[in-house]
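Working notes, structure below.
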Amino acid sequence: MPTGARYLRYILFAFFTLACFYFYSSSSSGLQTRTGTLNEQSSLYPSGVQGITPKPTGGVPLPEADGIRVNATFVTLARNHDVWEIARSIRQVEDRFNRNYHYDWVFLNDQPFDDTFKKVTSALVSGNTKYGLIPKEHWSFPEWIDEKKAAQVRKEMSEKKIIYGDSISYRHMCRYESGFFFRHPLMLDYEWYWRVEPSIELFCDISEDPFKFMADNGKKYSFTLSLYEYEETIPTLWKSAKKFMSEHPEHIAEDNTMAFLSDDNGETYNRCHFWSNFEVGSLNWLRSPAYIDYFTSLDKDGGFFYERWGDAPVHSIAAALMLKKDEIHFFNNIAYYHVPFTHCPTGEKTRLDLKCHCNPSDNFDWKGYSCTSRFFDAVGMKKPEGYEDEK
């Protein structure tokens, strides 16, 4: 072989060897960096510790509409076995809204959250996740409740086939959502909340920050669905509410929405309520002396256990009595489903603009068992164009 050709072959072989060495070194360095990042991330999820899971730095930048987010959080009451149902809800909220805003999410449970729940939920939420244990005194029978009497009520309701009529845990949940979730230490860091439950669906993009909308427009409570409560679960709730009104007239707003609750100026309750599995609201209002006085009065009357008072009518009565008409907001543009009811935005242009995939014929708002039409009348609002076609 000619000497020149041999030297050329040696040079090519040396070049190939150096290239392979460089590629291997670069890959190893990258692998070490990536492994280090994963190890750092895993330290954010301490085993068996209830607390805060912050997000690693980087990722999607905060929205730049005006550079301002409000002090707000999502909040969910859930148990460990709800993990996959709440994962579905989180994905809905993140894909439709929070992936652009990165608000925190607080999870509350009467038992410690397990590692699976924390790992799954923290991986899905774009903001920080916080995990709180509910104090026993907030998830048990208060000392003034006659537990034998309460047990007899549950037995009678079970015989009558009243939904959740025989459930103790459901009653604890309703009482907790009515009077305690906003006082949990993790919630004290925030001024606004958005309640999210397992297995919900959002049908449209959410183009405007609901928290900021509420704050900027003087709103304190909001809803997407409203309906009539089961009469058998609240036979004396209005009696207790009327007692509170007579004892605390200073807490009743002059420009209130009594007409949403009553057809006879407050003599009787028509059972209308905002469906509280979706709420965006003011935590400062719930922590106000007025609301605390209201909840304390109802709690002492015992209806959470001697009947089956739900947090939805409890919140709704408070909002309608204590807030001004213009402090309650109906979110037509947040398309929402919680079994078995659907809120699909009224108005074709709204649905198209927000890329909705709900069927307007499924919209519950203007059907007979909904109270939303009554709300519009009570606050003097014009119903959205096209509502007649969805009755």
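These values consider heavy atoms only, across backbone and side chains, with no hydrogens, waters or symmetry-generated copies.
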key: Pairs flagged by salt bridge (Lys or Arg N to Asp or Glu O under 4.0 Å) wherever residues 172-183 is involved - sequence neighbours left out   = Arg175-Asp299, Glu177-Arg195

ask   = Step by step, would you call Asp205 with Arg96 a salt bridge (Lys or Arg N to Asp or Glu O under 4.0 Å)?
value = CA-CA 5 Å; Asp205 288 345; Arg96 289 299 193 177; 2.6 Å; yes

key: Smallest separation among heavy atoms of His172 and Trp139, with atom names   = CB-CE2, 3.6 Å

query = Near Tyr164 OH, under 6.0 Å, is it more than 12 heavy atoms from other residues, nucleotides or ligands?
reply = no

ask   = Looking only at side chains, do Glu197 and Ser89 share a donor and an acceptor under 3.5 Å apart?
value = no

message = Whether Asp82 and Arg88 form a salt bridge (side-chain N of Lys/Arg under 4.0 Å from carboxylate O of Asp/Glu) is what I want to check.
response = no

key: Any donor-acceptor N or O pair under 3.5 Å, side chains Trp275, Ser316   = no

key: Salt-bridge present (Lys383, Glu388; N to O < 4.0 Å)   = no

message = Between Glu327 and Lys219 (salt bridge meaning N to carboxylate O under 4.0 Å), is one present in this structure?
response = no

Aromatic ring pairing Phe211/Phe74, orientation class (parallel under 30°, perpendicular over 60°, tilted between) = perpendicular

query = If you measure from the Lys or Arg side-chain nitrogens to the Asp or Glu carboxylate oxygens, is any gap between Lys136 and Asp110 under 4.0 Å?
reply = no

query = With respect to Trp105, which candidate in Thr76, Thr73, Asn128, Thr129 satisfies the side-chain hydrogen bond (donor to acceptor under 3.5 Å, both in side chains) definition?
reply = Thr76

ask   = Is the Phe330 ring parallel, tilted or perpendicular to the Phe223 ring (thresholds 30°, 60°)?
value = tilted

task = Give me the ring orientation class for Phe274 and Phe260: parallel if the planes are under 30° apart, tilted from 30 to 60°, perpendicular past 60°.
result = parallel

ask   = Do Leu352 and Phe203 share a hydrophobic cluster, counting only Ile, Leu, Val, Met, Phe, Trp and Tyr and linking them when any side-chain heavy atoms are less than 4.5 Å apart?
value = no

ask   = Is Lys324 paired with Asp255 through a side-chain N to carboxylate O contact shorter than 4.0 Å?
value = no

request  = Could you state whether Tyr228 and Trp309 fall into the same hydrophobic cluster, counting links through intermediate Ile, Leu, Val, Met, Phe, Trp or Tyr residues with side-chain heavy atoms under 4.5 angstrom apart?
outcome  = no

inquiry  = Taking less than 2.5 Å as the test, are the sulfur gamma atoms of Cys358 and Cys344 close enough?
reply    = yes

message = Which label fits Phe331 and His329: parallel for a plane angle under 30°, tilted from 30 to 60°, or perpendicular past 60°?
response = perpendicular

key: Lys239 atom NZ: more than 12 heavy-atom contacts under 6.0 Å   = no

ask   = Is any side-chain N of the basic residue among Lys243 and Asp301 closer than 4.0 Å to the acidic one's carboxylate O?
value = yes

ask   = Is the Phe113 ring parallel, tilted or perpendicular to the Phe107 ring (thresholds 30°, 60°)?
value = perpendicular

ask   = Is it true that Ile252 and Tyr221 fall in one hydrophobic cluster, defined by side-chain heavy atoms closer than 4.5 Å?
value = yes

task = Keeping to residues at least two apart or across chains, list the salt bridge (Lys or Arg N to Asp or Glu O under 4.0 Å) pairs with something in residues 334-361.
result = Lys349-Asp353, Arg351-Glu390

ask   = For Glu156, what residues pass the salt bridge (Lys or Arg N to Asp or Glu O under 4.0 Å) criterion, not counting sequence neighbours?
value = none

Parallel, tilted or perpendicular: rings of Tyr103 and Phe97 (30°, 60°) = parallel

message = With a 3.5 Å distance limit and no angle check, can you tell me whether Ser262 reaches the backbone of Thr268 through a side-chain donor-acceptor pair?
response = yes

query = Quick check: does any side chain N or O of Arg271 sit under 3.5 Å from a backbone N or O of Glu229, one acting as donor and the other as acceptor?
reply = yes

message = Checking the side chain of Glu201 only, and the main-chain atoms of Tyr336 only, is there a donor and an acceptor separated by less than 3.5 Å?
response = no

ask   = If two hydrophobic side chains count as joined below 4.5 Å and joins carry through other members, does Leu298 share a cluster with Phe181?
value = yes

query = Using the ring of each side chain (for Trp, its six-membered ring), is Trp238 parallel, tilted or perpendicular to Tyr269, with breaks at 30° and 60°?
reply = parallel

ask   = Under 3.5 Å, side chain of Asp114 to main-chain N/O of Asn80, donor-acceptor pair present?
value = no

task = Output yes when Asp115 and Lys119 qualify as a salt bridge under the 4.0 Å nitrogen-oxygen rule, no when they do not.
result = no

query = For the side chain of Ser297 and the backbone of Phe244, is there at least one donor-acceptor N/O pair under 3.5 Å apart?
reply = no

